[in-house]
Protein chains: 2
Amino acid sequence: MATRHRRSACPISIALELLGDQWSLLVVRDLMFKGKHTFGEFLAGGEGIASNVLTDRLARLELAGVVTREPHPDDARKVRYLLTEKGLSLAPVLMELVVWSARWERTAAPPDEVKAMREQREAVLERVKRDWKRARTRGR
Amino acid sequence: MATRHRRSACPISIALELLGDQWSLLVVRDLMFKGKHTFGEFLAGGEGIASNVLTDRLARLELAGVVTREPHPDDARKVRYLLTEKGLSLAPVLMELVVWSARWERTAAPPDEVKAMREQREAVLERVKRDWKRARTRGR
DNA sequence: TCAATTCACTTGCAAACTGCAAGTGATATA
DNA sequence: TATATCACTTGCAGTTTGCAAGTGAATTGA
């Protein structure tokens, strides 16, 4: 597992120590918006993260209290990853990132959803939270 | 300069190709919130970025249209870096990151400012924009 | 006026990190 | 009971990083 040292007490700097890489926020995205919860689902996630790197990122995120791991209810081989409340509360960050990216880059983001993230923040946050609660309580 | 390849059209993924590293958003932070505009100011920025890495990040950000470079009005040795509108529009992302980090980590963020970012978004955005305009139009 | 300093970078190199391909052992499926 | 699938590990080459020491142009101070 990669080790990085604390550089300053600036909140942005601290956040970047954990999240400032190519993959961590994509794992959070998969958990938050794509209903993905297992190692295999993250691996097949389209962007092609390497399995050793994924292992490392999940361990970091777990250590930081952003995700939890538990045996999968349906299959003892699988591990089920879930966002903690700390992880869930990254939703506004990801939403603003989507809004920014959709505004300035050519993305595949559905314009309706981007508009909702921009103009109906609270509603989108509620939906994300509802999905999160559902995943937490039910075995999916 | 580092080369990375496009992985998917997901807006988060695209944003992370540019911003998903330890340093890029710290440069944006220095420009946006700390009134820093020169290579030397970024270098001395507390977190200890290496000069070769800073060179690379500034080049990437410029290529992406997030910052511009111009000769410094007061000193021909210096280069003045400024945020573009695209760079300025990262403000909500950084603000949400500050809010998240201040909530979950021990940071040096002044509680008043964090509260303002949480509860007076528009006012904070206005202030950031005003400072940005001032820097753009006036020398220094 | 000219030596010393400061500026934005470069360069060289070792250490750390990444991506890739090929395992591994435990569990599930047929 | 043989085969496939699961979440990882391992080994390795290539890339990126951090550090220390330049470089040339512009500025400062005596």
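Residue numbering restarts at 1 for every chain, and letters A, B, ... go by the order of the sequence lines. All values derive from a computational prediction rather than experimental measurement.
With rounding to whole Å, B:Leu43 atom CG is found 13 Å from C:dT6 atom C1'. For the pair B:Leu54 CG and C:dC9 P, the computed distance is 8 Å after rounding to whole Å. C:dA16 atom P lies 18 Å from atom CG of A:Asp21, rounded to whole Å. Remark: P of C:dC7 and NE2 of B:His37 are 16 Å apart, rounded to the nearest angstrom. The NE2 atom of B:His72 sits 14 Å away from the C1' atom of D:dT27 (whole-angstrom rounding). Distance A:Asp74 CG to C:dT27 C1': 14 Å, rounded to the nearest Å. What separates CG of B:Leu26 from P of D:dG18 is a distance of 11 Å, to the nearest Å. C:dC17 atom P lies 13 Å from atom CD of A:Glu17, rounded to whole Å.
With respect to A:Arg57, the side chain to side chain contact (heavy atoms under 4.5 Å, CB included) criterion is satisfied by exactly one of A:Asp21, A:Val67, A:Leu26, A:Leu18: A:Asp21.
At least one side-chain nitrogen or oxygen of B:Arg57 sits closer than 4.0 Å to the OP1 or OP2 atom of D:dT17. For A:Trp23 and C:dG19, the shortest distance from a side-chain N or O to OP1 or OP2 is below 4.0 Å. Here B:Arg69 reaches the OP1 or OP2 of C:dC9: one of its side-chain N or O atoms lies under 4.0 Å away.
Of the listed nucleotides (C:dC20, D:dA26, C:dT18), C:dC20 has the atom at the smallest distance from the side chain of A:Ala50. Considering only the side chain of B:Thr55, C:dT10 comes nearest among D:dT27, C:dT10, D:dC8. Proximity note for B:Lys78 (side chain, C-beta onward) versus D:dT9, C:dA8, D:dT5: the nearest is C:dA8. Taking only side-chain atoms of B:Phe39, from C-beta outward, the nucleotide of C:dC9, D:dG18, D:dA7 with the closest atom is C:dC9. The side chain of B:Val79 approaches C:dA8 more closely than any other nucleotide in the set C:dA8, D:dC6, D:dT17.
To the nearest 0.5 Å, atom CD of residue B:Glu96 and atom CZ of residue B:Arg118 are 10.0 Å apart. For the atom pair CD (B:Gln120) and CG (B:Leu125), the distance works out to 11.5 Å, reported to the nearest 0.5 Å. To the nearest 0.5 Å, atoms CZ (B:Arg136) and CG (B:Asp131) are separated by 14.0 Å. Summarising the geometry, atom CG belonging to A:Leu16 is positioned 11.0 Å from atom OG belonging to A:Ser24; distances are rounded to the nearest 0.5 Å.
Heavy-atom distances to DNA chain C give each of A:Asp75 and B:Tyr81 a nearest nucleotide, and the one nearer the 5′ end belongs to B:Tyr81. The residue among A:Thr38 and A:Asn52 whose nearest nucleotide of DNA chain D is located toward the 5' end is A:Thr38.
For a distance-only test at 3.5 Å, the side chain of B:Arg77 fails to qualify as a donor-acceptor partner of the base of D:dT27.
Each of A:Leu82 and A:Val66 belongs to its own hydrophobic cluster when Ile, Leu, Val, Met, Phe, Trp and Tyr are linked at side-chain heavy-atom distances under 4.5 angstrom.
Residue pairs meeting the side-chain hydrogen bond (donor to acceptor under 3.5 Å, both in side chains) criterion with at least one member in residues 81-94 of chain A, sequence neighbours excluded: A:Arg69-A:Tyr81, A:Glu85-B:Arg103, A:Lys86-B:Glu105, A:Ser89-B:Trp100, A:Ser89-B:Trp104.
Stem regions annotated for DNA chain C: C:1-30 with D:1-30, counting only runs of 3 or more consecutive pairs of Watson-Crick or G-U type with both contacts under 3.5 Å.
Remark: the B:Thr38 side chain and the B:Arg77 side chain contain no N/O donor-acceptor pair separated by less than 3.5 Å.
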